[in-house]
Amino acid sequence: MDSKFIPGDKVRVIERSQPGHVRTPMYVRGKPGVIERIVGPQPNPETLAYGQSGLPYKMLYRVNFSQKVLWPDYEGQDNDSLEIEIYEHWLERI
Amino acid sequence: MSEHHHDHLNATHTHDGKPIQNDEPPSIEAESLETAVRELLMEKGVITADELRGAIEAQEQRRPELGAKIIARAWVDEDFKQKLLSHGDMAVRSFGVDMKPTELCVVENTEEVHNLVVCTLCSCYPRAILGIPPAWYKRRDYRSRAVREPRSVLSEFGTIISEDRQVRVHDSNADLRYLVLPIRPSGTDDWSEEDLAELVTRDSMIGVAEAITPDG
């Protein structure tokens, strides 16, 4: 399975409302980040959670975000960061 | 403004030193559902009561001491440490740990970086290595604040991270499980692996604390 992104790529988490078992927390939706690593293909939790197969697999990445980008009033240091796993169908290239 | 001048029905804080209610009450619906599914699985012969009991026993026998042994090995064995950081699943197999169906991601604390683990969506935790997560790890306030104001949360655990160190939060939201590799305390150069393991606490492997510093 090919990955659409490689480490270092700049991406944005797609901002959409989607009911059901979604593993993309609201606080990263619409936010820009950088691919930290490719985790690999994983079952899609959005169907797996409902007793389905989770197929086709979705490519999973770890994405690094600047805390100051996630929270404009963040009170820590400028280089503080957050890393989280995001499935490919929730990412767009920027 | 008078502190009692607000609408109590909508108040999200409390007075008179009463603890703030942070957590949802236990869900009767979820408990009933669990009971119903469990009884059905047994009636249909899918699992037996003894198998269920055994699974609970096995889970509860996992203790953070296992994680401490893994960390101590990484402190004394550079090759093992590199394997732990790059291929965590394979590295911990020699300790009898099977991470499936999840994958292990070990993150290293250094003089430049301090790592903190949280699961904002639920309570994902490296149970195969550390056992059952602490109650606070599952609480809504830890889960929401650890990503929002990690330095404040850390200071409430007594862990002050200096301004020249980066704080890196890991939201364990999907298929990886995170283990922090704490900094080996100074003054332990001649320590045995067994003694070093005594310095590695559960909390230091979640990242809310550093490893114990030996006296003297």
Side-chain angles (χ1 to χ4, degrees), chain A residues 1 7 13 18 20-29 31 33-49 51 53-54 57-91, chain B residues 37 85-89 99-124 140 143-156 159-180 207:
Chain A
M1 185 172 174
V13 180
Q18 181 176 323
H21 185 85
V22 171
R23 293 279 178 101
T24 308
M26 295 297 292
Y27 74 89
V28 297
R29 293 190 200 177
K31 304 290 186 183
V34 177
I35 301 287
E36 189 265 343
R37 75 177 72 171
I38 301 168
V39 176
Q42 296 286 344
N44 182 0
E46 292 158 22
T47 58
L48 190 68
S53 65
Y57 279 18
K58 299 288 184 182
M59 191 60 76
L60 182 67
Y61 303 87
R62 295 193 77 227
V63 183
N64 180 288
F65 296 91
S66 160
Q67 287 279 30
K68 295 243 168 174
V69 168
L70 292 180
W71 321 102
D73 61 346
Y74 182 74
E75 288 183 346
Q77 297 303 299
D78 286 351
N79 67 343
D80 284 358
S81 67
L82 179 137
E83 292 177 358
I84 184 168
E85 297 150 54
I86 305 290
Y87 297 89
E88 192 169 273
H89 62 290
W90 278 92
L91 293 172
Chain B
V37 171
L85 292 171
S86 61
H87 297 90
D89 292 36
M99 292 300 297
K100 283 191 181 63
T102 57
E103 292 180 25
L104 180 63
C105 180
V106 178
V107 289
E108 183 183 17
N109 281 353
T110 65
E111 298 300 332
E112 290 81 37
V113 178
H114 182 88
N115 294 283
L116 177 67
V117 180
V118 61
C119 173
T120 55
L121 296 181
C122 44
S123 57
C124 293
R140 183 161 282 186
R143 287 160 43 211
S144 55
R145 294 183 58 224
V147 292
R148 181 75 178 82
E149 42 181 8
R151 287 176 184 267
S152 298
V153 171
L154 284 163
S155 72
E156 289 165 29
T159 304
I160 310 295
I161 305 299
S162 64
E163 292 185 355
D164 56 358
R165 266 179 104 193
Q166 181 190 31
V167 170
R168 198 177 290 166
V169 177
H170 303 270
D171 189 346
S172 182
N173 67 320
D175 295 301
L176 299 184
R177 296 295 174 268
Y178 297 88
L179 188 72
V180 174

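Side chains included, hydrogens not; waters and symmetry mates left out as well; all remaining heavy atoms used. Naming convention: chains lettered A, B, ... in sequence-line order (proteins, then strands); numbering from 1 in each chain. Given the structure is predicted, the values throughout are model-derived calculations rather than measurements.
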Under the criterion side-chain contact (heavy atoms from CB on, under 4.5 Å), I'd like the reasoning laid out for A:Leu82 against B:Arg148: C-alpha separation, chi angles, the key distance, then a yes or no.
CA-CA 10 Å; A:Leu82 179 137; B:Arg148 181 75 178 82; over 6 Å; no

Which atoms of A:Val22 come close to chain B, meaning under 4.5 Å heavy atom to heavy atom: side chain ones, backbone ones, both, or neither?
backbone

Considering only heavy atoms, which portion of A:Phe65 lies under 4.5 Å from any heavy atom of chain B: side chain, backbone, both, or neither?
neither

Nearest non-hydrogen partners of B:Ala174 and A:Arg23, listed with the distance
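In terms of heavy atoms, the two residues are closest at CA-NH1, 3.4 Å.
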
Closest non-hydrogen atom pair between B:Gln166 and A:Ser81, with its separation
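Shortest heavy-atom contact: NE2-OG, 3.3 Å.
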
So, does A:Glu85 use its side chain to make a donor-acceptor pair with the main chain of B:Asp175 at under 3.5 Å?
yes

Do other residues, nucleotides or ligands put more than 12 heavy atoms under 6.0 Å from the NE2 atom of B:His87?
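Atom NE2 in B:His87 is not packed in, count stays at 12 or less.
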
Among B:Arg165, B:Arg151, B:His114, exactly one meets side-chain hydrogen bond (donor to acceptor under 3.5 Å, both in side chains) together with A:Asp80. Which residue is that?
B:Arg151

Heavy-atom cut-off 4.5 Å, strictly under: side chain, backbone, both or neither for B:Leu121 against chain A?
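Only the side chain of B:Leu121 comes within 4.5 Å of chain A.
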
With only heavy atoms counted, which part of B:Cys105 is less than 4.5 Å from chain A, the side chain, the backbone, both or neither?
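B:Cys105 touches chain A through side-chain heavy atoms alone.
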
Tell me which of these, B:Asn173, B:Asp171, B:Val167, has more heavy-atom pairs under 4.5 Å with chain A than the rest.
B:Asn173

For the [atom1] atom of [X] and the [atom2] atom of [Y], what is their distance to the nearest 0.5 Å?
{"X": "A:Asn79", "Y": "B:Arg168", "atom1": "CG", "atom2": "CZ", "value": "9.0 Å"}
{"X": "A:Glu36", "Y": "B:His170", "atom1": "CD", "atom2": "NE2", "value": "8.0 Å"}
{"X": "B:Thr120", "Y": "A:Met26", "atom1": "OG1", "atom2": "CE", "value": "12.0 Å"}
{"X": "A:Arg62", "Y": "B:Tyr178", "atom1": "CZ", "atom2": "OH", "value": "3.5 Å"}
{"X": "A:Arg37", "Y": "B:Leu176", "atom1": "CZ", "atom2": "CG", "value": "7.0 Å"}

State, with a plain yes or no, whether a side-chain heavy atom of B:Ile161 is found less than 4.5 Å away from one of A:Gln77.
no

A:Glu75 side chain reached by B:Glu149 side chain, heavy atoms, under 4.5 Å:
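B:Glu149 vs A:Glu75: side chains apart.
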
